[in-house]
Amino acid sequence: MKQQSDDSAQFPQSLLPENIAKLTAYSSAKSEKLTGSTWLNANESPYTREYALTKTEFNRYPDPQPQQVLDAYSAYVGLEPEQVVMTRGADEGIELLVRTFCQPGKDSIALFAPTYGMYKVTADTHNVNINSLSQELLQQANAEAICEQVGDAKLVFVCNPNNPTGAIVPSSKIAQIAEQLSQTAIVVVDEAYIEFCPELSAVSLINDYTNVVVLRTLSKAFALAGLRTGFTLANTALLAPLRKVLAPYPVSTVVADIAAQALSTSNIASMRRQVGILNSLKARLQQWLRESSAVKTVLSGEGNFVTLQLKDKAAIATAYERGVVMRPFVLYGEDNWLRISIGNEQELSEVKAWLDAITQVNK
Ligand SMILES: *Cc1c(COP(=O)(O)O)cnc(C)c1O
(Lines give C-alpha, C1' and ligand atoms only; values in the text may rest on other atoms or scores of the structure.)
Protein backbone atom coordinates (compact mmCIF):
# COMPACT_ATOMS: atom_id res chain seq x y z
CA MET A 1 0.00 0.00 0.00
CA LYS A 2 1.31 3.42 -0.90
CA GLN A 3 2.33 5.55 2.05
CA GLN A 4 0.39 8.78 2.29
CA SER A 5 2.63 11.85 2.32
CA ASP A 6 0.28 13.56 4.78
CA ASP A 7 2.26 13.51 8.05
CA SER A 8 -0.91 13.54 10.14
CA ALA A 9 -2.03 10.19 8.69
CA GLN A 10 -2.89 7.75 11.48
CA PHE A 11 -1.37 4.35 12.09
CA PRO A 12 -3.89 1.75 13.31
CA GLN A 13 -4.78 3.00 16.80
CA SER A 14 -5.64 -0.54 17.89
CA LEU A 15 -1.87 -1.19 18.01
CA LEU A 16 -1.57 0.99 21.12
CA PRO A 17 -1.96 -0.70 24.49
CA GLU A 18 -4.60 1.00 26.59
CA ASN A 19 -2.19 2.26 29.26
CA ILE A 20 -0.05 3.95 26.58
CA ALA A 21 -3.02 5.43 24.70
CA LYS A 22 -4.23 7.23 27.79
CA LEU A 23 -0.85 8.69 28.80
CA THR A 24 -0.43 12.41 28.73
CA ALA A 25 3.12 13.38 27.74
CA TYR A 26 5.18 14.23 30.81
CA SER A 27 5.71 17.96 30.81
CA SER A 28 9.12 18.31 32.33
CA ALA A 29 10.44 21.76 33.12
CA LYS A 30 12.36 21.72 29.85
CA SER A 31 9.79 20.25 27.46
CA GLU A 32 7.61 23.36 27.54
CA LYS A 33 8.93 25.84 25.00
CA LEU A 34 9.08 28.80 27.31
CA THR A 35 11.00 31.95 26.63
CA GLY A 36 12.88 33.74 29.34
CA SER A 37 16.22 34.95 30.58
CA THR A 38 16.27 33.75 34.18
CA TRP A 39 15.80 29.99 34.43
CA LEU A 40 14.69 28.89 37.88
CA ASN A 41 12.21 26.16 36.98
CA ALA A 42 14.19 22.90 36.90
CA ASN A 43 16.29 22.93 40.10
CA GLU A 44 19.47 23.07 38.06
CA SER A 45 22.68 24.47 39.48
CA PRO A 46 23.70 27.96 38.34
CA TYR A 47 27.35 26.89 38.42
CA THR A 48 29.19 25.73 35.32
CA ARG A 49 32.68 24.47 34.71
CA GLU A 50 34.47 23.37 31.59
CA TYR A 51 35.41 19.76 31.12
CA ALA A 52 37.95 18.52 28.59
CA LEU A 53 37.71 14.93 27.39
CA THR A 54 40.62 12.69 28.34
CA LYS A 55 39.38 9.91 26.01
CA THR A 56 39.72 10.70 22.33
CA GLU A 57 38.74 7.45 20.59
CA PHE A 58 35.18 6.21 20.43
CA ASN A 59 35.19 3.28 18.00
CA ARG A 60 34.75 0.71 20.82
CA TYR A 61 31.68 0.10 22.96
CA PRO A 62 32.03 1.62 26.42
CA ASP A 63 32.60 -0.13 29.71
CA PRO A 64 29.01 -1.06 30.75
CA GLN A 65 29.78 0.21 34.28
CA PRO A 66 32.93 2.39 34.30
CA GLN A 67 35.05 1.24 37.23
CA GLN A 68 36.70 4.60 37.84
CA VAL A 69 33.31 6.28 38.30
CA LEU A 70 32.00 3.45 40.51
CA ASP A 71 35.14 3.66 42.67
CA ALA A 72 34.88 7.43 43.04
CA TYR A 73 31.14 7.44 43.76
CA SER A 74 31.26 4.55 46.22
CA ALA A 75 34.10 6.29 48.10
CA TYR A 76 32.04 9.51 48.14
CA VAL A 77 29.01 7.76 49.69
CA GLY A 78 30.93 5.30 51.88
CA LEU A 79 29.80 2.09 50.17
CA GLU A 80 31.53 -0.64 48.17
CA PRO A 81 31.72 -0.25 44.35
CA GLU A 82 29.57 -3.42 44.05
CA GLN A 83 26.78 -1.52 45.82
CA VAL A 84 26.57 1.10 43.06
CA VAL A 85 24.91 0.98 39.62
CA MET A 86 25.51 3.95 37.31
CA THR A 87 22.51 4.99 35.21
CA ARG A 88 21.36 7.66 32.77
CA GLY A 89 20.15 9.96 35.50
CA ALA A 90 18.25 8.94 38.62
CA ASP A 91 15.24 8.73 36.30
CA GLU A 92 16.66 5.59 34.71
CA GLY A 93 17.09 4.16 38.21
CA ILE A 94 13.37 4.68 38.87
CA GLU A 95 12.53 2.96 35.60
CA LEU A 96 14.89 0.06 36.25
CA LEU A 97 13.33 -0.58 39.65
CA VAL A 98 9.79 -0.60 38.26
CA ARG A 99 10.74 -2.81 35.30
CA THR A 100 12.64 -5.24 37.50
CA PHE A 101 10.26 -5.63 40.42
CA CYS A 102 6.77 -4.86 39.13
CA GLN A 103 4.73 -7.15 36.94
CA PRO A 104 2.57 -5.06 34.55
CA GLY A 105 -1.16 -5.23 35.13
CA LYS A 106 -0.65 -6.84 38.53
CA ASP A 107 1.79 -5.09 40.87
CA SER A 108 1.77 -1.62 42.36
CA ILE A 109 4.04 1.07 43.74
CA ALA A 110 3.29 3.42 46.62
CA LEU A 111 4.15 7.11 46.68
CA PHE A 112 3.43 10.08 48.95
CA ALA A 113 1.82 12.94 47.04
CA PRO A 114 2.60 15.66 46.22
CA THR A 115 5.94 14.34 45.06
CA TYR A 116 8.28 13.94 42.09
CA GLY A 117 6.27 13.26 38.91
CA MET A 118 8.44 10.51 37.41
CA TYR A 119 7.25 7.77 39.80
CA LYS A 120 3.74 8.05 38.36
CA VAL A 121 4.93 8.49 34.77
CA THR A 122 7.09 5.38 35.01
CA ALA A 123 4.34 3.31 36.64
CA ASP A 124 1.78 4.46 34.06
CA THR A 125 4.04 3.64 31.11
CA HIS A 126 4.68 0.14 32.46
CA ASN A 127 1.06 -0.52 33.34
CA VAL A 128 1.84 -0.72 37.05
CA ASN A 129 -0.73 0.47 39.59
CA ILE A 130 -0.18 3.40 41.93
CA ASN A 131 -1.15 3.46 45.58
CA SER A 132 -1.15 7.23 46.07
CA LEU A 133 -0.69 8.04 49.76
CA SER A 134 -0.09 11.51 51.18
CA GLN A 135 2.95 13.40 52.40
CA GLU A 136 0.84 14.18 55.44
CA LEU A 137 0.62 10.46 56.24
CA LEU A 138 4.35 10.05 55.75
CA GLN A 139 5.09 12.99 58.03
CA GLN A 140 2.45 12.51 60.73
CA ALA A 141 1.78 8.79 61.02
CA ASN A 142 4.05 6.22 62.64
CA ALA A 143 5.82 3.53 60.63
CA GLU A 144 3.19 0.93 61.47
CA ALA A 145 0.29 3.05 60.22
CA ILE A 146 2.24 3.99 57.09
CA CYS A 147 3.05 0.35 56.28
CA GLU A 148 -0.57 -0.63 56.74
CA GLN A 149 -1.51 1.91 54.05
CA VAL A 150 1.29 0.73 51.76
CA GLY A 151 -0.66 -2.51 51.43
CA ASP A 152 0.84 -4.86 48.84
CA ALA A 153 2.83 -2.23 46.92
CA LYS A 154 6.20 -3.68 45.93
CA LEU A 155 8.11 -0.40 45.73
CA VAL A 156 7.61 2.44 48.19
CA PHE A 157 9.02 5.72 46.89
CA VAL A 158 10.17 8.13 49.59
CA CYS A 159 11.50 11.32 48.01
CA ASN A 160 13.81 12.75 50.66
CA PRO A 161 14.01 15.76 50.65
CA ASN A 162 10.68 15.74 48.87
CA ASN A 163 10.31 17.59 45.58
CA PRO A 164 8.40 19.96 45.53
CA THR A 165 7.65 20.42 49.26
CA GLY A 166 11.18 20.11 50.69
CA ALA A 167 9.86 17.88 53.48
CA ILE A 168 12.28 15.47 55.16
CA VAL A 169 11.74 12.09 56.81
CA PRO A 170 14.36 11.14 59.42
CA SER A 171 16.31 8.03 58.46
CA SER A 172 15.28 6.43 61.77
CA LYS A 173 11.71 6.43 60.44
CA ILE A 174 12.82 5.09 57.05
CA ALA A 175 14.59 2.30 58.95
CA GLN A 176 11.37 1.44 60.82
CA ILE A 177 9.42 1.35 57.56
CA ALA A 178 12.08 -0.85 55.92
CA GLU A 179 12.04 -3.17 58.92
CA GLN A 180 8.27 -3.63 58.80
CA LEU A 181 8.27 -4.15 55.02
CA SER A 182 11.38 -6.36 55.01
CA GLN A 183 9.57 -9.36 53.48
CA THR A 184 7.09 -7.53 51.30
CA ALA A 185 8.45 -4.36 49.69
CA ILE A 186 11.50 -2.32 48.70
CA VAL A 187 11.85 1.16 50.14
CA VAL A 188 13.29 3.49 47.49
CA VAL A 189 14.74 6.66 48.99
CA ASP A 190 15.19 9.30 46.29
CA GLU A 191 18.04 11.52 47.49
CA ALA A 192 18.33 13.79 44.43
CA TYR A 193 18.75 16.80 46.77
CA ILE A 194 20.62 15.20 49.66
CA GLU A 195 23.84 17.18 49.06
CA PHE A 196 21.95 20.22 50.38
CA CYS A 197 21.42 18.42 53.72
CA PRO A 198 23.98 15.56 53.69
CA GLU A 199 23.54 14.72 57.38
CA LEU A 200 20.02 13.43 56.59
CA SER A 201 21.07 10.71 54.13
CA ALA A 202 19.70 7.18 54.48
CA VAL A 203 22.70 5.62 52.69
CA SER A 204 24.00 3.94 55.84
CA LEU A 205 20.75 1.92 56.04
CA ILE A 206 21.84 -0.04 52.97
CA ASN A 207 24.20 -2.18 55.02
CA ASP A 208 21.49 -2.95 57.60
CA TYR A 209 18.40 -3.44 55.45
CA THR A 210 18.36 -5.65 52.38
CA ASN A 211 15.24 -3.86 51.04
CA VAL A 212 16.54 -0.28 51.02
CA VAL A 213 17.55 1.41 47.75
CA VAL A 214 18.90 4.95 47.51
CA LEU A 215 18.75 6.97 44.28
CA ARG A 216 21.31 9.68 43.61
CA THR A 217 22.09 12.07 40.76
CA LEU A 218 24.78 14.40 39.43
CA SER A 219 22.03 16.68 38.05
CA LYS A 220 21.46 18.92 41.05
CA ALA A 221 24.27 19.85 43.48
CA PHE A 222 26.94 18.44 41.13
CA ALA A 223 25.72 20.83 38.42
CA LEU A 224 25.63 18.21 35.64
CA ALA A 225 21.97 17.93 34.60
CA GLY A 226 23.09 17.88 30.96
CA LEU A 227 25.35 14.86 31.53
CA ARG A 228 22.49 12.50 32.51
CA THR A 229 24.16 10.60 35.30
CA GLY A 230 22.61 8.99 38.34
CA PHE A 231 23.35 6.15 40.72
CA THR A 232 21.27 3.38 42.25
CA LEU A 233 22.69 2.28 45.60
CA ALA A 234 21.75 -0.94 47.38
CA ASN A 235 23.19 -4.21 48.61
CA THR A 236 24.65 -6.48 45.93
CA ALA A 237 21.86 -9.09 46.09
CA LEU A 238 19.19 -6.50 45.33
CA LEU A 239 21.24 -4.99 42.51
CA ALA A 240 21.80 -8.36 40.79
CA PRO A 241 18.37 -8.53 39.08
CA LEU A 242 18.57 -4.82 38.17
CA ARG A 243 21.82 -5.52 36.34
CA LYS A 244 20.03 -8.12 34.21
CA VAL A 245 17.40 -5.59 33.18
CA LEU A 246 19.81 -2.69 32.61
CA ALA A 247 20.64 -1.89 28.97
CA PRO A 248 23.98 -3.42 27.86
CA TYR A 249 25.81 -0.10 27.39
CA PRO A 250 23.87 2.53 29.31
CA VAL A 251 26.76 4.93 29.89
CA SER A 252 28.68 6.41 26.96
CA THR A 253 32.47 6.76 27.05
CA VAL A 254 32.04 10.55 26.95
CA VAL A 255 29.70 10.58 29.96
CA ALA A 256 31.93 8.25 31.98
CA ASP A 257 34.95 10.46 31.23
CA ILE A 258 33.24 13.61 32.52
CA ALA A 259 31.58 11.88 35.49
CA ALA A 260 34.96 10.57 36.67
CA GLN A 261 36.38 14.09 36.58
CA ALA A 262 33.33 15.53 38.39
CA LEU A 263 33.94 13.10 41.24
CA SER A 264 37.56 14.09 41.89
CA THR A 265 38.37 15.18 45.43
CA SER A 266 38.74 18.81 44.39
CA ASN A 267 35.47 18.86 42.44
CA ILE A 268 33.59 17.31 45.35
CA ALA A 269 35.07 20.05 47.57
CA SER A 270 33.93 22.76 45.17
CA MET A 271 30.46 21.18 44.97
CA ARG A 272 30.29 21.44 48.77
CA ARG A 273 31.33 25.11 48.67
CA GLN A 274 28.64 25.81 46.07
CA VAL A 275 26.04 24.04 48.22
CA GLY A 276 27.00 26.33 51.12
CA ILE A 277 26.48 29.42 48.98
CA LEU A 278 23.18 28.14 47.53
CA ASN A 279 21.87 27.29 50.99
CA SER A 280 22.57 30.81 52.24
CA LEU A 281 21.04 32.39 49.13
CA LYS A 282 18.00 30.22 49.80
CA ALA A 283 17.70 31.55 53.35
CA ARG A 284 17.75 35.07 51.92
CA LEU A 285 15.03 34.23 49.36
CA GLN A 286 12.86 32.60 52.05
CA GLN A 287 13.14 35.75 54.14
CA TRP A 288 12.04 37.97 51.21
CA LEU A 289 9.11 35.66 50.49
CA ARG A 290 7.95 35.61 54.10
CA GLU A 291 8.02 39.40 54.19
CA SER A 292 6.02 39.79 50.98
CA SER A 293 2.31 40.52 51.21
CA ALA A 294 1.88 38.84 47.78
CA VAL A 295 2.83 35.48 49.27
CA LYS A 296 0.38 33.37 51.24
CA THR A 297 2.56 30.43 52.36
CA VAL A 298 6.24 29.54 52.18
CA LEU A 299 7.02 25.87 52.70
CA SER A 300 10.11 25.41 54.80
CA GLY A 301 12.21 22.52 53.70
CA GLU A 302 15.48 21.24 52.30
CA GLY A 303 16.80 21.26 48.72
CA ASN A 304 17.91 23.93 46.24
CA PHE A 305 14.38 25.25 45.81
CA VAL A 306 11.65 27.05 47.68
CA THR A 307 7.96 26.28 47.17
CA LEU A 308 5.38 28.94 47.97
CA GLN A 309 1.75 29.75 47.53
CA LEU A 310 0.90 33.11 45.97
CA LYS A 311 -2.15 35.09 46.97
CA ASP A 312 -2.89 35.71 43.28
CA LYS A 313 -1.58 33.39 40.57
CA ALA A 314 -1.60 36.31 38.10
CA ALA A 315 1.82 37.07 39.61
CA ILE A 316 3.22 34.08 37.65
CA ALA A 317 2.32 35.80 34.36
CA THR A 318 4.05 38.93 35.62
CA ALA A 319 7.19 36.88 36.19
CA TYR A 320 7.11 35.45 32.64
CA GLU A 321 6.75 39.00 31.28
CA ARG A 322 9.96 39.87 33.10
CA GLY A 323 11.73 36.81 31.67
CA VAL A 324 11.78 35.03 35.03
CA VAL A 325 10.80 31.38 34.55
CA MET A 326 9.79 29.44 37.67
CA ARG A 327 7.78 26.24 38.01
CA PRO A 328 4.04 26.59 38.67
CA PHE A 329 2.36 23.71 40.49
CA VAL A 330 -1.13 22.63 41.41
CA LEU A 331 -0.79 21.51 45.03
CA TYR A 332 -3.48 20.50 47.48
CA GLY A 333 -6.07 21.30 44.78
CA GLU A 334 -4.92 24.91 44.32
CA ASP A 335 -3.21 26.30 41.25
CA ASN A 336 -1.36 29.23 42.79
CA TRP A 337 1.77 27.41 43.92
CA LEU A 338 5.24 28.13 42.60
CA ARG A 339 8.60 26.45 43.00
CA ILE A 340 11.66 28.67 42.67
CA SER A 341 15.07 27.06 42.10
CA ILE A 342 17.99 28.71 43.86
CA GLY A 343 20.06 30.39 41.18
CA ASN A 344 23.03 32.71 41.46
CA GLU A 345 22.96 36.13 43.09
CA GLN A 346 22.06 37.90 39.83
CA GLU A 347 19.19 35.49 39.15
CA LEU A 348 17.82 35.89 42.65
CA SER A 349 17.94 39.67 42.30
CA GLU A 350 15.60 39.23 39.31
CA VAL A 351 13.26 37.29 41.58
CA LYS A 352 13.50 40.06 44.18
CA ALA A 353 12.63 42.70 41.56
CA TRP A 354 9.58 40.67 40.51
CA LEU A 355 8.61 40.18 44.15
CA ASP A 356 8.88 43.91 44.83
CA ALA A 357 6.68 44.59 41.79
CA ILE A 358 3.92 42.17 42.82
CA THR A 359 4.15 43.15 46.49
CA GLN A 360 3.56 46.78 45.47
CA VAL A 361 0.30 45.76 43.76
CA ASN A 362 -0.81 43.79 46.83
CA LYS A 363 -0.18 46.62 49.32
C1 LIG B 1 15.68 16.01 39.42
C2 LIG B 1 15.18 14.82 40.12
C3 LIG B 1 15.50 13.53 39.69
C4 LIG B 1 16.07 13.29 38.32
O5 LIG B 1 17.39 13.19 38.31
P6 LIG B 1 18.16 12.85 36.95
O7 LIG B 1 19.38 12.27 37.47
O8 LIG B 1 18.36 14.17 36.26
O9 LIG B 1 17.33 11.90 36.14
C10 LIG B 1 15.12 12.44 40.45
N11 LIG B 1 14.41 12.62 41.58
C12 LIG B 1 14.05 13.84 41.99
C13 LIG B 1 13.26 13.98 43.24
C14 LIG B 1 14.40 14.98 41.28
O15 LIG B 1 13.99 16.18 41.67
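As the structure lists them, so they are numbered: ligands from 1, and atoms in each ligand from 1. In what follows, residues are counted from 1 in the order of the sequence shown. Note that this is a predicted model, so its numbers are computed, not measured.
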Any N/O of [X] closer than 3.5 Å to an N/O of ligand 1?
X: Tyr116; value: no
X: Tyr119; value: no
X: Cys159; value: no
X: Arg88; value: no

Regarding [X] and [Y], is there a side-chain donor-to-acceptor distance under 3.5 Å anywhere?
X: Tyr193; Y: Asn43; value: yes
X: Gln180; Y: Gln176; value: no
X: Asn163; Y: Arg339; value: yes
X: Ser292; Y: Thr359; value: yes

Closest approach of Ala256 to Val69 (non-hydrogen atoms, all atoms of both residues): O-CG2, 3.5 Å
Is a donor on one side and an acceptor on the other found under 3.5 Å between the side chain of Asn160 and the backbone of Glu191? no
Any donor-acceptor N/O pair, Thr38 side chain to Val324 backbone, under 3.5 Å: no
In this structure, does ligand 1 have an atom that sits under 4.0 Å from one of the heavy atoms of Glu92? no
Select one of side chain, backbone, both or neither to describe which atoms of [X] lie under 4.0 Å from any atom of ligand 1, heavy atoms only.
X: Ser219; answer: side chain
X: Arg228; answer: side chain
X: Asp190; answer: side chain

What residue among Asp91, Asn162, Asp190 forms side-chain hydrogen bond (donor to acceptor under 3.5 Å, both in side chains) with Tyr116? Asp91
Which residue supplies the protein heavy atom nearest to [atom], what is that atom called, and how far is it?
atom: atom 14 (C) of ligand 1; value: Lys220 NZ, 3.0 Å
atom: atom 15 (O) of ligand 1; value: Tyr193 OH, 2.6 Å
atom: atom 6 (P) of ligand 1; value: Ala90 N, 3.4 Å

